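Shown next, in structure tokens, is the structure this report addresses.
Because the structure is a prediction, the values reported are computed rather than measured.
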Amino acid sequence: MTFADFVEIYLVEREPRLKENTFYTKEQIIRTKILPFFGNKKISEIKPKDVIAWQNELIKSVTKKGEPYSVVYLKTIHNQLSAIFNHAVKYYNLKENPAAIAGSMGKSKGKEMLIWTPEEYKDFSFAIMDNPVSFYAFEMLYWTGIRLGELLALTPEAFDFEK
């Protein structure tokens, strides 16, 4: 069986057990970062050296902005590959997980986040106060802790003005 054929089985079996966004992220990583390299290979013939070659290719890869992938993202990608092989080992009698033998890439923790103190934020917000859209956007970001994508996804229906 090809790796791509097994991935289809894996995704069908995993989808009901995952939240929608988690599954979507998993599927995107698999389809864009894993299948192009392993898709046509027979799953039982993939060796640790193949995983290392794939890892080296990803380590050299860059984003659309020309920046290398973060160490945390590299680890996430590797974890997805390893999860697929673990599933095959546990439920489909694959002898071993070549991703586990090859070892991981990247790191589980990235750089420490630098967070503004309330005083630093007040200085910043005062400087942008003359631009209401920016001011209120940063107010939401700073005081609620939401991420930019979450802010951009907000609609008037998301707010309960009664409460």
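- In plain terms, the two heavy atoms of Met140 and Leu154 that are nearest each other are CE-CD1, 3.6 Å.
- With rounding to the nearest 0.5 Å, the separation of CD1 in Ile34 from CG in Leu81 is 5.0 Å.
- Ile46 and Ile101 fall into different hydrophobic clusters, where Ile, Leu, Val, Met, Phe, Trp and Tyr side chains are chained together by heavy-atom contacts under 4.5 Å.
- A cation-pi arrangement is present between Lys41 and Phe37, with the terminal nitrogen or guanidinium carbon under 6.0 Å from the aromatic centre and inside a 45° cone about the axis.
- Under the 3.5 Å distance criterion, the side-chain polar atoms of Asn97 are matched with a main-chain donor or acceptor of Ser82.
- Closest heavy-atom contact between Thr32 and Pro36: O-CG, 3.5 Å.
- Within 6.0 Å of atom CD in Glu8, more than 12 heavy atoms from other residues, nucleotides or ligands are found, so the atom counts as buried in its surroundings.
- Using the six-membered ring where Trp is involved, His87 and Tyr10 have ring planes that are perpendicular, over 60° apart on the 30 and 60° scheme.
- A distance-only check finds no donor-acceptor pair linking the side chain of Thr22 to the backbone of Leu18 [under 3.5 Å].
- In this structure, Phe38 and Phe85 have perpendicular ring planes: the angle between them is above 60°, well past the 30° mark.
- Side-chain contact between Ile9 and Val7 is absent, with no heavy-atom pair separated by less than 4.5 Å.
- Distance OG1/Thr144 to CG/Leu151: 7.5 Å, rounded to 0.5 Å.
- Distance check: Arg14 CZ to Glu27 CD gives 14.0 Å after rounding to the nearest 0.5 Å.
- Using a cut-off of 4.0 Å between Lys/Arg side-chain N and Asp/Glu carboxylate O, Glu119 and Lys122 are scored as not salt-bridged.
- The distance from atom CD1 of Ile84 to atom CD1 of Ile30, rounded to the nearest 0.5 Å, is 4.0 Å.
- Under the 4.5 Å side-chain heavy-atom criterion for Ile, Leu, Val, Met, Phe, Trp and Tyr, Tyr142 and Phe159 are members of the same hydrophobic cluster.
- Between Gly39 and Thr2, the shortest heavy-atom distance links the atoms O-CB, 3.6 Å.
- Applying the side-chain hydrogen bond (donor to acceptor under 3.5 Å, both in side chains) test to every pair with at least one member in residues 53-80, sequence neighbours left out, gives these pairs: Lys26-Gln80, Gln55-His78, Lys75-Ser104.
- Annotation: Tyr136, atom OH; neighbour count of heavy atoms from other residues, nucleotides and ligands within 6.0 Å does not exceed 12.
- Ring centers of Tyr92 and Phe6: under 6.0 Å apart, within the cut-off.
- Every pair tested for ring-ring contact (aromatic ring centres under 6.0 Å, His included) that includes a residue from residues 11-35 fails, sequence neighbours excluded, so the list is empty.
- The nearest pair of heavy atoms linking Ile52 to Ala102 is CG1-CB, 3.8 Å.
- Closest of all the heavy-atom pairs between Ile59 and Leu74 is CG1-CD1, 4.1 Å.
- Between Met105 and Leu58, the shortest heavy-atom distance links the atoms CE-CD1, 3.5 Å.
- Neither Val71 nor Val62 shares a network with the other; the hydrophobic side chains, linked directly or stepwise wherever heavy atoms of I, L, V, M, F, W or Y lie under 4.5 Å apart, form separate groups for each.
- When atom types are taken as modelled, the side chain of Gln28 and the backbone of Thr25 share no donor-acceptor pair closer than 3.5 angstrom.
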- Task: Show the numbers, then the answer: is there a side-chain contact (heavy atoms from CB on, under 4.5 Å) between Leu11 and Arg31?
- Result: CA-CA 11 Å; Leu11 290 173; Arg31 296 207 187 283; 3.4 Å; yes
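- Between Ser125 and Phe135, the closest side-chain pair of non-hydrogen atoms falls below 4.5 Å.
- Taking hydrophobic clusters as Ile, Leu, Val, Met, Phe, Trp and Tyr residues chained together by side-chain heavy-atom distances below 4.5 Å, Tyr91 shares a cluster with Ile43.
- In terms of hydrophobic clustering, with Ile, Leu, Val, Met, Phe, Trp and Tyr side chains grouped at heavy-atom distances under 4.5 Å, Phe138 and Val133 are assigned to different clusters.
- For Asp50 (side chain) and Lys47 (main-chain N/O), a donor-acceptor pair under 3.5 Å exists by modelled atom type.
- Although no hydrogens or angles enter the test, the distance criterion places no donor-acceptor pair under 3.5 Å between the side chain of Tyr121 and the main chain of Ile115.
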